[in-house]
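Read through the structure below, which is laid out as structure tokens, and then see the notes.
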There are 2 protein chains.
Amino acid sequence: MKQKKYVTIKDISKAVGVSINTVSRALNDKPDINEKTKEKILEKAKELGYIKNSFGSILKTQRSKIIGVIIPDSSNPFFSEVFKGIEEEARKNDYQTMIINTEGKYSFEEKAISTLIERRVDGILLFPMQNKYEDIEKLLTKKYPVVLVGRGVENWNVDEIYNNEIKGGFLATEHLIKKGCKKIIMISAEKFNTAGKNRELGYLKALEENKIEYKNIVNINKLHEGLYFEEGENIVQKIVDKEKVDGIFCYNDLIAYGAIESLKKKNINVPNDVKVVGYDDIRFSKIFSPSLTTIFVNKIKMGKEAFNMLKRRIENIDSTTMQITLDVELIERKSTE
Amino acid sequence: MKQKKYVTIKDISKAVGVSINTVSRALNDKPDINEKTKEKILEKAKELGYIKNSFGSILKTQRSKIIGVIIPDSSNPFFSEVFKGIEEEARKNDYQTMIINTEGKYSFEEKAISTLIERRVDGILLFPMQNKYEDIEKLLTKKYPVVLVGRGVENWNVDEIYNNEIKGGFLATEHLIKKGCKKIIMISAEKFNTAGKNRELGYLKALEENKIEYKNIVNINKLHEGLYFEEGENIVQKIVDKEKVDGIFCYNDLIAYGAIESLKKKNINVPNDVKVVGYDDIRFSKIFSPSLTTIFVNKIKMGKEAFNMLKRRIENIDSTTMQITLDVELIERKSTE
DNA sequence: CTGTTAGCGCTTTCAA
DNA sequence: TTGAAAGCGCTAACAG
């Protein structure tokens, strides 16, 4: 026995003895229909176990009610929480999500876009790579609904949502200064990453306002997603011997974990000898030991807002673009006590 | 200006001056076609910026090349890693995934299934809830391709993939015994969870083989996904004062973190006073402090295998069902040193 | 090697 | 209030 064939509206129409579009009207709750026939149809539909084939209607209506999500690494806790927000809000709005991991590779991002267009998703939420973005440019010239999440592209007329990175960088650095740090280094993202760049600006601003001369930004250079921890560990291992730093501000919490791990191995005490601040406030930072001072970013909200921006764009492709900046907050914990 | 309309094979056929199915043949790399015309068509397609509309072909071929993934909480590190394995393997095989979170609620699981069928996914990977499973039963009687992941249903004729839970429970408990523990409690999953039940069997078996009388299994009773940590904390807080335990085996790493947190608050030293073992070996367990002894489960592999099982089932709905058991391994770390 | 035709399941005119 | 018919974009069977 093979998988049972699906019941179609045609089957229902035959069974009830009406035309297929009467069935369609009943099923879609349209006004122009007799209550009695409608009831009969609905009943029969249930009896036969009818489940609508969305592809039929998609083909006709040209709306798939699917959005694509292109993300570097869905197992990274930051992304996975943002995604959760996206999925939750999408589900509420009867959209489904199709997620594709890029592993941080541009070629995967490019491929993901064309795959999703082939699937005729109504729009795309993209966490861009940023070392290249011709693919995004192409999307925009075709007027494809797209929202960039997390990292912006300068001077583009596109919907974007990100956190107040400058403020985040500033808060983190200022906090370290207040705690008495004099030599603060920052372990930032890859050079091309605008989120990283803005956090750097915040870092520099805080130093300047507090008249601290020493500044030192080290950019990570990871080859793959999922190696933040290792990068943090490596960089700190190399740098701490040369420079007698007393504060470290990290691009994200995972890097901070690595940094702290490295300090532990060298028997440098956190927070007594060196204080460390992370960024993102992922779930584990409060149970990390020492618990990590970090910049709180509302990841669930970010996901939800991102979805809603995309929905708005889908519904009106010509509405003016908007850039949403979410507020951030300093969370003080033991790593800077 | 509205979003540009998509180019169709009809447009290409007009532009080149051939019939639409010649175009189709060229695009699909079919044999019966002249090389030259094919070239011309491909060229024109590129020039016009043609991107196939998969819905057209899906409607025709009745194969969506989409699989559904129903998961309790995609932001839980265990699930998010398994999902990563799924997505990776799916992508390799030109499948896309549609993920739906159930938040551990049966009604959401039910809804997810019907949503996915409406989307005519070719099959479903389901991480079942298990307090109820009429929904799954229905899927099976309809011969819908489905693979249960992580948790089994007893005595059903269905594809399943899970870890060797009995062995895991045994290894964890045996390890604690070897380390000198005499009073070992187990914090297990909800009562209906078969994975939990099997880990309990392993726990009991190890106790018995080592002639240890004391046994104590506490089942968690969490209301929502994402509260494992808090549950672990609560349970240990309540129990440790009454019972002088010296070993704790937890259903998963998150519970173990909570347990350890609770012990820390009571100034009970891990591992000196109480030794703790987790389960799953999520990413953070090696950087947790103290680093967590746990049962390693190959999550990426689990995801990949799960996908391949489903693919096999999709391609041959009548092949005999299989149950795959993945091996597990004890990872010794500081929490039991 | 290529074109004609039918049809996947649905929605949407338009007419009755 | 209902039905007939067309068509969304694609593939496949068949004929030429």
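Residue numbers start from 1 in every chain, and the chains themselves are labelled A, B, ... in the order their sequence lines are given, proteins ahead of strands. From a predicted model like this one, the values you see are computed outputs, not experimental measurements.
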With sequence neighbours excluded, tell me which residues meet salt bridge (charged side-chain N to carboxylate O under 4.0 Å, His left out) with A:K40.
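Expected list: none.
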Taking salt bridge (charged side-chain N to carboxylate O under 4.0 Å, His left out) as the definition, give me every residue that meets it alongside B:K92, ordered by chain and number, with sequence neighbours left out.
B:E89
Rounded distance in Å - [atom1] ([X]) to [atom2] ([N]):
| X | N | atom1 | atom2 | answer |
| --- | --- | --- | --- | --- |
| A:R119 | D:dG9 | CZ | P | 17 Å |
| A:I117 | D:dG9 | CD1 | C1' | 17 Å |
| B:Q62 | D:dT11 | CD | P | 14 Å |
| A:N53 | D:dC8 | CG | P | 18 Å |
| A:F55 | D:dC8 | CZ | C1' | 14 Å |
| B:I12 | D:dT11 | CD1 | P | 11 Å |

[X]: partners by side chain to side chain contact (heavy atoms under 4.5 Å, CB included), with sequence neighbours left out:
| X | value |
| --- | --- |
| A:E160 | A:L148, A:V153, A:V158, A:Y162, A:Q323 |
| A:D11 | A:V7, A:T8 |
| B:K60 | none |

Could you list where the contact with chain B starts and ends along DNA chain C, reading 5' to 3', using a 4.0 Å heavy-atom cut-off?
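The contact span of chain B on DNA chain C goes from C:dC1 to C:dG9.
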Find the bend of the helix from C:dC1-D:dG16 to C:dA16-D:dT1 as the angle between its two terminal axes (five pairs each), to the nearest 10°.
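End axes: 40° apart.
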Could you tell me whether B:R120 sits above the aromatic face of A:Y6, with NZ or CZ closer than 6.0 angstrom to the six-membered ring centre and within 45 degrees of the axis?
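The answer is yes; both the distance and angle limits are met.
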Validate the cation-pi geometry between B:K105 and B:F108: distance from NZ or CZ to the six-membered ring centre under 6.0 Å, angle to the ring axis within 45°.
yes
Phosphate OP1/OP2 of D:dC10: any B:Y6 side-chain N/O under 4.0 Å:
no
Please identify each residue that fulfils side chain to side chain donor-acceptor pair (under 3.5 Å) with A:N34, with sequence neighbours left out.
none
Test side chain to side chain donor-acceptor pair (under 3.5 Å) applied to B:T321 - qualifying residues, sequence neighbours left out
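B:N157.
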Assess the residue pair B:K84 and B:E88 against the criterion (salt bridge (Lys or Arg N to Asp or Glu O under 4.0 Å)); give the C-alpha distance rounded to whole Å, side-chain angles, the decisive distance to 0.1 Å, and a yes or no.
CA-CA 6 Å; B:K84 208 184 164 192; B:E88 219 175 296; 5.3 Å; no
Given that B:R120 and B:D32 both sit by DNA chain C, which one's nearest nucleotide is further toward the 5' end?
B:D32
Relative to the 5' end of DNA chain C, which residue comes earlier, B:T61 or B:P31, by the nucleotide with the nearest heavy atom?
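Comparing both residues, the 5'-ward one is B:P31.
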Remember a base hit wins even if backbone is also touched, and classify [X] as base, sugar-phosphate or nothing at under 4.0 Å, heavy atoms.
| X | answer |
| --- | --- |
| B:T37 | sugar-phosphate |
| A:I33 | sugar-phosphate |
| B:K36 | nothing |

Answer yes or no: are there more than 12 heavy-atom neighbours, outside A:K38 itself, under 6.0 Å from its atom NZ?
yes
Return all side-chain donor-acceptor pairs below 3.5 angstrom for residues 132-140 of chain A, not counting sequence neighbours, or 'none' if the list is empty.
none

So which of residues 20-28 of chain B are in contact with DNA chain D, with a heavy-atom cut-off of under 4.0 Å?
B:I20, B:N21, B:S24, B:N28
Using a cut-off of strictly less than 4.0 Å between a heavy atom of the residue and any atom of DNA chain C, enumerate the qualifying residues of residues 38-47 of chain B by number.
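By residue number: none to list.
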Can we say A:E315 and A:K311 salt-bridge, meaning some charged N sits less than 4.0 Å from an Asp/Glu carboxylate O?
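Looking at A:E315 and A:K311, the cut-off is met.
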For the residue pair A:S54 and A:S57, confirm or rule out a side-chain donor-acceptor distance under 3.5 Å.
no
